[in-house]
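Shown next, in structure tokens, is the structure this report addresses.
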Amino acid sequence: MKKYATLFLKNLTNILEYVIAVLLAFGILVMTIQLILSFSNLTDLSKYPNYDDLLTTCFNLVIGVEMIRMLYLHSPQTMYEVLLFAIARQVIIDHSSPVNSLIGVVSIAILFATRKFLFVAFDESEKILFRASQKVRIVNRLIHLHIPYQDDETLLDILMRKLNEEGAEVGVGTCTYFSDFGLRIAKITDGKITRIEVIRSIH
């Protein structure tokens, strides 16, 4: 019962996230259209939008777009971009004090440092499924990767050689990583590896 309840809540939260993302996208679209239609007032400082209004609204719209991406991508990169734009908006729009501006700049520097030193290559990745018997040279050509190989080696040959070097146990889900890609056993049929997933870093 607990398993079904957990599955139901997981699916429900996924659906709610997409509904919120759609509503947010619709709101941003309406605001963008409103902003475009009011552009004739830009030269009149007493009407909306003057320069400050334009800058504030554009930043808000960009942050909204990044939040939509964050809702459906669920990646550290999207969270980083939302925070970056939010802090940049505060620094550029808010002119309350030099101290606040300095804190904002330091915060942006910390975000950049976090991205450089704490994000790992496979935080952002693309996963493609291939037959285990697929030739590596063809895989390299198809997905523009540089998997090292010799002669007519297959993905299975590369995977097994690496797993033997690491002394890893062979089973569904077993992974091995190279510098900018990984290989994962996706399917085993009658004791033979039949499908291999290529995990490519997209940083």
Side-chain angles (χ1 to χ4, degrees), residues 6-128 143-145 175 177-182 197-203:
T6 302
L7 184 62
F8 170 75
L9 289 174
K10 180 181 178 182
N11 291 332
L12 180 62
T13 52
N14 286 338
I15 292 170
L16 287 174
E17 282 181 343
Y18 280 106
V19 169
I20 293 169
V22 169
L23 291 174
L24 185 57
F26 181 74
I28 289 173
L29 181 62
V30 170
M31 289 179 65
T32 303
I33 294 171
Q34 181 187 15
L35 184 64
I36 293 170
L37 293 177
S38 61
F39 250 55
S40 59
N41 300 330
L42 194 59
T43 55
D44 190 344
L45 297 180
S46 64
K47 294 182 180 180
Y48 176 88
N50 55 45
Y51 178 72
D52 286 339
D53 292 332
L54 178 65
L55 207 56
T56 302
T57 304
C58 287
F59 261 110
N60 289 340
L61 292 175
V62 170
I63 292 169
V65 170
E66 292 302 327
M67 284 187 67
I68 293 170
R69 291 180 61 201
M70 183 179 71
L71 284 170
Y72 72 82
L73 284 180
H74 293 167
S75 70
Q77 181 67 24
T78 55
M79 177 66 76
Y80 163 84
E81 287 174 356
V82 169
L83 291 173
L84 183 63
F85 280 115
I87 296 171
R89 176 196 179 281
Q90 191 69 17
V91 171
I92 294 170
I93 303 297
D94 182 28
H95 305 292
S96 56
S97 72
V99 174
N100 286 343
S101 296
L102 178 62
I103 291 172
V105 171
V106 170
S107 299
I108 290 174
I110 291 172
L111 280 176
F112 275 110
T114 301
R115 182 184 183 187
K116 181 173 178 60
F117 296 109
L118 297 184
F119 280 21
V120 297
F122 291 95
D123 278 342
E124 295 284 326
S125 62
E126 179 182 32
K127 300 175 182 178
I128 308 107
I143 61 175
H144 307 292
L145 203 57
C175 292
Y177 290 97
F178 297 77
S179 59
D180 59 347
F181 72 94
E197 193 173 54
V198 178
I199 307 168
R200 180 176 64 174
S201 171
I202 56 174
H203 269 296

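Predicted model only: the values in this text are computed from it and were never measured.
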Exercise. Tell me, with the steps shown, if E81 and M70 meet side chain to side chain contact (heavy atoms under 4.5 Å, CB included).
Key: CA-CA 9 Å; E81 287 174 356; M70 183 179 71; over 6 Å; no

Quiz item: What are the two closest heavy atoms between I87 and G104, and how far apart are they?
Solution: CG2-O, 3.4 Å

Quiz item: Taking atom CG of N60 and atom CZ of F85, what is their separation to the nearest 0.5 Å?
Solution: 12.5 Å

Quiz item: Any idea which heavy atoms bring G64 and L24 closest together, and the distance?
Solution: O-CD2, 3.6 Å

Quiz item: Say you draw a straight line from CG of L83 to OG1 of T114; how long is it, rounded to the nearest 0.5 Å?
Solution: 10.0 Å

Quiz item: Looking at CG of L84 and CZ of R89, how far apart are the two atoms once the value is rounded to the nearest 0.5 Å?
Solution: 14.0 Å

Quiz item: Is any side-chain heavy atom of I199 closer than 4.5 Å to a side-chain heavy atom of F181?
Solution: no

Self-check item: Residues in side-chain contact (heavy atoms from CB on, under 4.5 Å) contact with L61, at least two apart in sequence or another chain
Solution: I28, M31, T32, L35, T57

Quiz item: Can you tell me how far the CD1 atom of I63 sits from the SG atom of C58, to the nearest 0.5 Å?
Solution: 11.5 Å

